[in-house]
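A short worksheet on the structure shown next.
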Amino acid sequence: MTSGEPGTFELGTDGPTTILVGVDGSVTSLRAAWYAAGMARRQKSRVVAVYVGSLASLSAAAPNAGAIAAARAAAFDEYAADLRRRAEQGARELGIAMTFVATSGDPYLEICRLAGEVRADAIFVGASTKTGHRLVGSLAIRLVRAGKWPVTVVP
């Protein structure tokens, strides 16, 4: 059978076209990024890598609140730039299309927002290694429960 006949398919065209992967530098998130990149290479998909940092709010009355906030923002920018460089290098090595987004806020809300904006077909995240998440729920569990996208949780 050749492509175009009824009942045929072309390899690399039946999977996701846009894969969103959450990265934060943890071992599990980096595994998720490589897994997503491998799938993107095989499926000819594009990857959107997102880093969601937490810029904790400080009381305006706290001593040096402005200086502390500025230092946190600078650290966020530096860390995001490092993740971006690593993601771009990996994308070049694999020959895949990749967009990197750095934002701050609640990881669940930001990933959901961005997944909607880029029309993600699948989401990849690393499994949480924090003990407390077994009790209150992790980002991965929240994304799965949302039921809007296929979610792959990489250990």
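Worth saying up front: this structure is predicted, and the values here are computed from it rather than measured. Just so you know, residue 1 is the first one in the sequence shown, and it goes up from there.
- The shortest heavy-atom contact between Pro155 and Thr28 is C-CG2, 3.6 Å.
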**Study point:** Check against side-chain contact (heavy atoms from CB on, under 4.5 Å), Ile111 and Leu143
**Key:** CA-CA 9 Å; Ile111 287 174; Leu143 289 167; 4.0 Å; yes
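- Grouping the Ile, Leu, Val, Met, Phe, Trp and Tyr side chains by contacts below 4.5 angstrom, directly or via other members, places Leu20 with Val151.
- To the nearest 0.5 Å, the span separating CG on Asp77 from CZ on Arg72 amounts to 14.5 Å.
- With rounding to the nearest 0.5 angstrom, the CG atom of Leu83 is 11.0 Å from the CD atom of Glu88.
- Looking only at distances, a side-chain donor or acceptor of Arg84 sits under 3.5 Å from a matching main-chain atom of Phe100.
- Proximity of a side-chain donor or acceptor of Arg86 to a complementary backbone N or O of Asp82 within less than 3.5 Å is not detected.
- Atom CD of Glu93 has more than 12 heavy atoms from other residues, nucleotides or ligands within 6.0 Å.
- Once rounded to the nearest 0.5 Å, the distance linking SG of Cys112 with CG of Leu139 reads 8.0 Å.
- The two atoms that bring Ala115 and Ile123 nearest to each other are CB-CD1, 4.0 Å, heavy atoms only.
- Contact check for Val154 versus Arg31: side-chain heavy atoms found under the 4.5 Å cut-off.
- Counting heavy-atom neighbours within 6.0 Å of Tyr35 OH, excluding the residue itself, gives a total of 12 or less.
- The side-chain heavy atoms of Ile19 and Gln43, taken from C-beta on, include no pair separated by under 4.5 Å.
- Looking at every heavy atom in both residues, Phe76 comes nearest to Ser104 through CZ-N, 4.3 Å.
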Point to revise | side-chain contact (heavy atoms from CB on, under 4.5 Å) between Asp106 and Arg142, intermediate numbers included | key: CA-CA 12 Å; Asp106 176 75; Arg142 291 174 71 191; 3.7 Å; yes
